[in-house]
Visitor: 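One structure, as structure tokens, below. Some questions next.
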Number of protein chains: 2
Amino acid sequence: MKVNELAKRGGVTAETVRHYAREQLLAPQRHPDNGYQLFSDTDLERLRFIQRARKLGFSVAEIRDILTHADQGDSPCPLVRDLLASRLPQIRARIAELEALAERMEQAMESWQQMPDGSPDGHSVCRLIESFPDAPSIKETP
Amino acid sequence: MKVNELAKRGGVTAETVRHYAREQLLAPQRHPDNGYQLFSDTDLERLRFIQRARKLGFSVAEIRDILTHADQGDSPCPLVRDLLASRLPQIRARIAELEALAERMEQAMESWQQMPDGSPDGHSVCRLIESFPDAPSIKETP
DNA sequence: GTAGAACCTATGGGTAACCCATAGGTCAAG
DNA sequence: CTTGACCTATGGGTTACCCATAGGTTCTAC
């Protein structure tokens, strides 16, 4: 099957399929005449595997590693366990970051309710924001 | 003061200061002889404002808008209120996404405890992952 | 048989907020 | 006058795609 058909059967866009092919997660055959990528049913299974792995938080690069292991006949399962175990605390940390952010935002909105919209002068841009501490800025760890 | 001094006083890297200058959040003067960027105390105040705004979740582009308003003598405060009010539910949604992800990960790790590390065959890469549903993949809305 | 739709290819650019490397100019101190 | 510390501008990397473009192919209808 060609890109579009695989994409529809897997529930992703054709661009996503091409992306995975570029990133070596899929290795379709090529039609010798026109260079079209030809995917098999095994590729569809692979795509579904990729979807599940993405849903569990694995990155595309990690999934490539997992698939490479499997393609060489090695069990990728220990790797999978390790990756998940080390990723989970990162996700938890990210959640905590975002919760702290949300709390700051809510506190700000609340305390702003009784503050007027001032005009900017040479030293103040917006007292709403300036009424907050600066110090260590937020780390963006998506 | 030059880039490095502003950066140290503001608690950021010199690269970050250059980034903000490139993005028009800071508009330093230029030394006529050597082209060095020269920052004033007002720029330091501006940098501190930027830090506070970042900590409240504003993007660099949004902060540029806020500063542009203020530079034109308009109060940016209504904009600030609107931006924050519309960003907060997005943050909450992102938190919910990540919590769902974390829950999937924990469920996976738990159910995997009694599963062996299988060897890959033609149809299975890793049963650990394949034991999970695929369906709608996770949307990455950082 | 041929026009046009619908599909394919590869390439390159965009996203967010920086970080890092490079090449080359500047400056203060010893 | 030579280090070493600093400055400049440029371009590439990060993540997982999306989109536009130009040009080749296949399918469908007339």
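Heavy-atom basis, side chains included; hydrogens, waters and symmetry copies ignored.
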Visitor: Rounded to the nearest 0.5 Å, what separates atom CD1 in A/I63 from atom CZ in A/R46?
Guide: 11.0 Å
Visitor: Over how many whole Å does the gap from B/F39 atom CZ to D/dC6 atom P extend?
Guide: 16 Å
Visitor: Hey, which of these two, A/K2 or A/T13, hits DNA chain D nearer its 5' end, going by closest nucleotide?
Guide: A/T13
Visitor: Do A/L38 and A/V17 share a hydrophobic cluster (ILVMFWY, side-chain heavy atoms under 4.5 Å, transitive)?
Guide: no
Visitor: Do A/E97 and A/R94 meet the salt-bridge criterion of a basic N to acidic O distance under 4.0 Å?
Guide: yes
Visitor: Could you give the angle between the helix axes at the two ends of the helix from C/dG1-D/dC30 to C/dG30-D/dC1, with five pairs per end, rounded to 10 degrees?
Guide: 30°
Visitor: Which parts of residues 15-24 of chain B get close to DNA chain C, meaning a heavy atom less than 4.0 angstrom away?
Guide: B/E15, B/T16, B/H19, B/Y20
Visitor: Mind listing the side-chain donor-acceptor pairs of residues 1-16 of chain B below 3.5 Å, one per line with the distance, residues two or more places apart or on another chain?
Guide:
from, atom 1, to, atom 2, distance (Å)
B/T13, OG1, B/E15, N, 3.4
B/T13, OG1, B/T16, N, 3.0
B/T13, OG1, B/T16, OG1, 2.9
B/E15, OE2, B/R18, NH1, 3.4

Visitor: Between atom CG in A/N34 and atom P in D/dT25, what is the gap in whole Å?
Guide: 8 Å
Visitor: Once you round it to whole Å, what is the distance between P of C/dC18 and CZ of B/R64?
Guide: 13 Å
Visitor: When the distance from CD of B/E97 to C1' of D/dA16 is rounded to whole Å, what number comes out?
Guide: 14 Å
Visitor: To the nearest angstrom, how far is A/F58 atom CZ from D/dA16 atom P?
Guide: 13 Å
Visitor: Between P on D/dC17 and CG on A/L47, what's the gap in Å once rounded to a whole number?
Guide: 11 Å
Visitor: Hey, what do you get for CD (B/Q51) to CZ (B/R48), rounding to the nearest 0.5 Å?
Guide: 9.5 Å
Visitor: Does a side-chain heavy-atom distance below 4.5 Å link A/F39 with A/L47?
Guide: no
Visitor: Please, which pairs that meet side-chain hydrogen bond (donor to acceptor under 3.5 Å, both in side chains) have at least one residue in residues 32-41 of chain B, sequence neighbours excluded?
Guide: B/S40-B/D43
Visitor: Of the candidate nucleotides D/dC17, C/dA17, C/dC8, which contains the atom at the shortest distance from the side chain of A/V60?
Guide: D/dC17
Visitor: Check every atom of D/dC7, C/dC18, D/dT26 against the side chain of B/N4 and return the nucleotide holding the closest atom.
Guide: D/dC7
Visitor: Measuring from atom SG of A/C77 to atom CG of A/D82, what distance do you get when rounded to the nearest 0.5 angstrom?
Guide: 11.5 Å
Visitor: How many Å lie between NE2 on B/H31 and C1' on C/dA28, as a whole number?
Guide: 14 Å
Visitor: In this structure, how many angstroms lie between the P atom of C/dT9 and the CG atom of A/L6, rounded?
Guide: 11 Å
Visitor: Which atoms of nucleotides 23-25 of chain C (N or O only) lie under 3.5 Å from a protein N or O atom, and what are those distances?
Guide:
from, atom 1, to, atom 2, distance (Å)
C/dG25, N2, B/Y36, OH, 3.1

Visitor: Answer whether the closest heavy-atom distance between the side chains of A/L83 and A/I66 falls below 4.5 Å.
Guide: yes
Visitor: Return all side-chain donor-acceptor pairs below 3.5 angstrom for residues 19-30 of chain B, not counting sequence neighbours, or 'none' if the list is empty.
Guide:
from, atom 1, to, atom 2, distance (Å)
B/E23, OE1, B/R64, NH1, 3.1
B/R30, NH1, B/G35, O, 2.8

Visitor: Compare all side-chain heavy atoms of A/L84 with those of A/F58 and state whether any distance is below 4.5 angstrom.
Guide: yes
